> 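Sharing a structure here in structure tokens format.
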Amino acid sequence: MMSQEQNDLITRTGPKDPCGKLMRSYWQPAALVDELEGARPIRPVKLLGENLVLFRDETGRYGLIDRHCAHRGADLAFGRLEHGGLRCAFHGWLFDATGQCIETPAEPKDSKLCQNIRQRSYPVVEKSGILWAYLGEGEPPAFPEIDCFVAPGTHTFAFKGHMACNWLQALEVGIDPAHASYLHRFFEDEDTSTAYGKQFRGASAGSDLPMTKILREYDRPIINVEHTEYGLRLIALREIDEERTHVRVTNQLFPHGFVIPMSTEMTITQWHVPVDDENCYWYAIFTSYTNPVDKQKMRDQRLELYELPDYVSRKNRSNDYGFDPHEQQTATYTGMGTDINVHDQWAVESMGAIQDRTKEHLGQSDKAIVQYRRLLRQEIEKVQGGEKPMLFLDEANARSIQGPATMDGIGPTRGWETYWMEVDVKRRRGAPWTAPVPKEIADNVHRLTAAE
């Protein structure tokens, strides 16, 4: 358990909050590129508690500025895109992508008022289907050379979804290897050949065992947590028998992301981005190491659950997340359908808008969560002391963070430590794009053996 003061420290992300200052040290997902497609590329955005408006001008330049006009506070999300910027519909004041006011048409012709008017603005870059914003001070960091940023656009797909809760509890469900055996339990296994685009529904590498069967029947994983340059590596071991062990390797990507295997050919890199202290979006990039991603199929699958324009789940608190007591008895552990995003959403939203960690009781299976919270407090203290936090990279060091390696497969009970690395290296070397082999993995795998 922790004190309320400690809980506030690691959950609240406003501009003056210590954790908010940490978060502003990193690029944050602000919107999907898809959201600014169409005839009117303007979207209101709330990010880290700040009300902003995102737009793309006629030249293709992105702007992210205060949502309320510097003149009289009218809502710029209803503005007009014209003459190189976003024009307020109230009095016609025009702002460019940097926030500079370039026209005040209701003023006298010789007025120079606009020269001294500037909306607060933040830089925006497009990367792997997501528009990223930097809300911090000074020069923004470089992006790490992780797989989802290195892979070509044909081999990545980005999506997002809303959760009505604090960002931290949303993240923590993703670094909890034990919960999948319960929250995502299916009582019957499906044909794994139809699992494309669905998490935990395919077969593990090196076997024909469905993941649903492994999670259901081997529900007491041994969990190892390792500290890395990018955050944490989690290794969950489920011993099948004396000869075989299921190995699942996932990663916590600091500050609020994780990288996990989705299938033998695809990984998920996912961030949990504070809208404010009581809401967040998850942003995910799916990266394929084999064939180009079937983006239409991936999008259609997810739009069955998420409703545009705000990417809010159709199954939510208002309709009990689709809960069916008969299904809970016969088909799934939760009775909330087969989409695991619904399961996760129920779990984290049911904790309350901000989980009260003064009342929780952690066990051995929560060791990754314990380690992450310590890491988070450590990095908050660094920023408070004027230091740069973990993963704040310059261009010279961006290549130092690659991968990270993930794996989900059946390996030898004796020798799994090398086996998972071999599987990851083999997948990277066989990719149609140049998938870097992280140095720490390459140093330990000189040849392919058990994974061949």
Side-chain angles (χ1 to χ4, degrees), residues 1-14 16-26 28 48 136 141 144 146 165-180 221-237 248-260 269-274 277 280 282 344 347-348 351-352 354-393 397 400-401 403-406 438 440:
M1 291 187 286
M2 62 173 61
S3 69
Q4 186 59 52
E5 182 180 14
Q6 291 171 324
N7 197 33
D8 288 342
L9 175 69
I10 61 175
T11 56
R12 299 193 178 276
T13 58
K16 296 181 180 180
D17 295 316
C19 190
K21 292 179 180 179
L22 172 71
M23 290 298 179
R24 284 165 175 77
S25 298
Y26 302 93
Q28 299 286 340
L48 298 177
I146 58 178
C165 67
N166 184 259
W167 70 275
L168 182 56
Q169 61 217 59
L171 167 68
E172 288 182 341
V173 77
I175 56 173
D176 172 8
H179 86 278
I222 297 171
I223 301 169
N224 297 327
V225 181
E226 302 172 0
H227 286 256
T228 68
E229 290 184 297
Y230 53 80
L232 302 172
R233 178 183 296 118
L234 286 58
I235 302 177
L237 305 172
R248 182 172 173 83
V249 180
T250 63
N251 304 275
Q252 194 287 310
L253 184 67
F254 202 80
H256 53 24
F258 58 68
V259 186
I260 60 176
T269 308
Q270 185 163 306
W271 295 265
H272 298 81
V273 184
D277 288 340
C280 64
W282 59 260
D344 286 340
V348 299
M351 298 173 182
I354 303 177
Q355 181 192 350
D356 184 354
R357 293 175 177 81
T358 68
K359 297 179 179 179
E360 70 179 0
H361 298 81
L362 302 182
Q364 286 291 319
S365 64
D366 300 305
K367 62 176 64 177
I369 290 169
V370 172
Q371 291 294 318
Y372 172 72
R373 291 179 188 174
R374 288 176 182 168
L375 179 62
L376 180 58
R377 290 195 298 268
Q378 169 189 300
E379 299 306 306
I380 289 173
E381 289 175 5
K382 275 188 187 178
V383 172
Q384 286 182 300
E387 297 180 56
K388 298 298 184 185
M390 167 181 283
L391 219 59
F392 186 98
L393 305 172
N397 293 316
S400 66
I401 305 297
T406 67
E440 61 170 335

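Everything quoted here is computed from the prediction, not taken from an experiment. Below, each value reflects all heavy atoms present in this structure, side chains not excepted, and no hydrogens, waters or symmetry copies.
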> Indicate whether any N or O donor in one side chain lies under 3.5 Å from an N or O acceptor in the other, for H272 and E172.
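Their side chains do not contain a donor-acceptor pair, so the 3.5 Å distance test is not met.
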
> Taking the basic N atoms (NZ, or NE/NH1/NH2) and the acidic carboxylate oxygens, is any pair closer than 4.0 Å for E226 and R233?
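Judged by the 4.0 Å cut-off on N to carboxylate O distance, E226 and R233 do form a salt bridge.
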
> Taking N224 for the side chain and I235 for the main chain, is one N or O donor matched with an acceptor at less than 3.5 Å?
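Not confirmed, N224 side chain does not pair with I235 backbone.
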
> Which distance, rounded to the nearest 0.5 Å, do you find between the NZ of K367 and the CG of L232?
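So the NZ of K367 and the CG of L232 are separated by 12.5 Å.
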
> Shortest non-hydrogen contact from A405 to P438?
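That would be N-CG, 4.5 Å.
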
> Do K388 and E379 pass the salt bridge (charged side-chain N to carboxylate O under 4.0 Å, His left out) test, and can you show the C-alpha distance, the side-chain angles, and the key distance before you say yes or no?
CA-CA 8 Å; K388 298 298 184 185; E379 299 306 306; over 6 Å; no

> Do you know the tightest heavy-atom contact between A368 and L234?
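So the two residues come closest at CB-CD2, 3.6 Å.
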
> With a 4.5 Å cut-off on side-chain heavy atoms, are I380 and Q384 touching?
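Q384 vs I380: side chains touch.
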
> Can you confirm whether L253 sits close enough to L391 that some side-chain heavy atom of one is under 4.5 Å from a side-chain heavy atom of the other?
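They are in side-chain contact.
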
> Examine distances only and state if a side-chain atom of D17 and a backbone atom of C19 form a donor-acceptor pair shorter than 3.5 Å.
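Judged by distance alone, no pair lies under 3.5 Å.
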
> Does N166 use its side chain to pair, donor to acceptor, with the backbone of T11 at less than 3.5 Å?
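Yes, N166 side chain to T11 backbone: donor-acceptor pair under 3.5 Å.
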
> Measuring from atom NE2 of H227 to atom CD of Q371, what distance do you get when rounded to the nearest 0.5 angstrom?
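One finds 4.0 Å between NE2 of H227 and CD of Q371.
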
> State, to 0.1 Å, how close I146 and P404 come at their nearest heavy-atom pair, and which atoms those are.
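Scanning both residues, the minimum pair turns out to be CG2-CD, 4.2 Å.
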
> Quick one: do H256 and Q28 satisfy side-chain contact (heavy atoms from CB on, under 4.5 Å)? Show the steps, please.
CA-CA 10 Å; H256 53 24; Q28 299 286 340; 2.7 Å; yes

> Any sub-3.5 Å donor-acceptor pair from Q270's side-chain atoms to G257's backbone N or O?
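Such a contact is absent between Q270 side chain and G257 backbone.
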
> Around atom CD of Q364, are there more than 12 heavy atoms from other residues, nucleotides or ligands closer than 6.0 Å?
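No, CD of Q364 has 12 or fewer neighbouring heavy atoms, counting only those of other groups under 6.0 Å.
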
> When rounded to the nearest 0.5 angstrom, what distance separates CG in L376 from CG in L171?
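L376 CG to L171 CG: 9.0 Å, rounded to 0.5 Å.
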
> Under 4.5 Å between any side-chain heavy atoms of F254 and L375, yes or no?
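Side chain of F254 against side chain of L375, heavy atoms only: contact under 4.5 Å found.
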
> Do you know the tightest heavy-atom contact between P141 and S25?
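For P141 and S25, the tightest heavy-atom pair comes out as CG-O, 3.5 Å.
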
> I'd like to check the side-chain hydrogen bond (donor to acceptor under 3.5 Å, both in side chains) partners of T269; sequence neighbours left out, ordered by chain and number.
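side-chain hydrogen bond (donor to acceptor under 3.5 Å, both in side chains) check on T269 returns nothing, list empty.
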
> Do the side chain of N7 and the main chain of Q355 share a donor and acceptor less than 3.5 angstrom apart?
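Yes, N7 side chain to Q355 backbone: donor-acceptor pair under 3.5 Å.
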
> Mind listing the closest non-hydrogen atom pair of G14 and D277 along with its distance?
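Closest pair (atom of G14, atom of D277, distance): N-OD1, 4.3 Å.
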
> Backbone N or O of T358 within a donor-acceptor pair of the D356 side chain at under 3.5 Å?
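Pair found, side chain donor or acceptor close to backbone of T358.
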
> Under the 3.5 angstrom rule, does the side chain of Q169 hit a backbone N or O of G352 as a donor-acceptor pair?
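Answer holds: yes.
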
> Answer whether the closest heavy-atom distance between the side chains of T406 and I260 falls below 4.5 Å.
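Not touching, per the 4.5 Å side-chain cut-off.
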
> Using the six-membered ring wherever Trp is involved, compare the ring planes of W167 and Y372 and label them parallel, tilted or perpendicular (cut-offs 30° and 60°).
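Correct class here is perpendicular.
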
> To the nearest 0.5 Å, what is the distance between CE (M390) and NZ (K382)?
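NZ of K382 is found 6.0 Å from CE of M390.
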
> Flag yes if more than 12 heavy atoms outside K21 fall under 6.0 Å of its NZ atom; otherwise flag no.
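At most 12 heavy atoms, drawn from other residues, nucleotides or ligands, come within 6.0 Å of this atom.
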
> Check whether any side-chain heavy atom of M2 lies under 4.5 Å from a side-chain heavy atom of R373, and answer yes or no.
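Counting from C-beta outward, M2 and R373 do come under 4.5 Å.
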
> Quick check against the 3.5 Å criterion: does D176 have a side-chain atom that pairs as donor or acceptor with the backbone of D366?
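It does not hold such a pair.
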
> Does a side-chain heavy-atom distance below 4.5 Å link L237 with R248?
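When only atoms from C-beta onward are counted, R248 and L237 do not touch, as no gap falls below 4.5 Å.
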
> With rounding to the nearest 0.5 angstrom, report the CD to CD1 distance, E5 to I10.
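CD1 of I10 is found 12.0 Å from CD of E5.
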
> For T13, is there any backbone N or O sitting under 3.5 Å from a side-chain donor or acceptor partner on R24?
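Such a contact is found between R24 side chain and T13 backbone.
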
> With a 4.5 Å cut-off on side-chain heavy atoms, are I223 and S365 touching?
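SC-SC contact between S365 and I223 confirmed.
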
> So how far is it from L168 CG to I354 CD1, rounded to the nearest 0.5 Å?
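Result: 10.0 Å between the selected atoms.
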
> What I'd like to find out is whether the side chain of Y26 reaches to under 4.5 Å of the side chain of P389, using heavy atoms alone.
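The answer is yes, as the side chains (C-beta and beyond) meet within the 4.5 Å cut-off.
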
> Take I175 and I369, measure what side-chain contact (heavy atoms from CB on, under 4.5 Å) needs, and give me the verdict at the end.
CA-CA 7 Å; I175 56 173; I369 290 169; 4.3 Å; yes

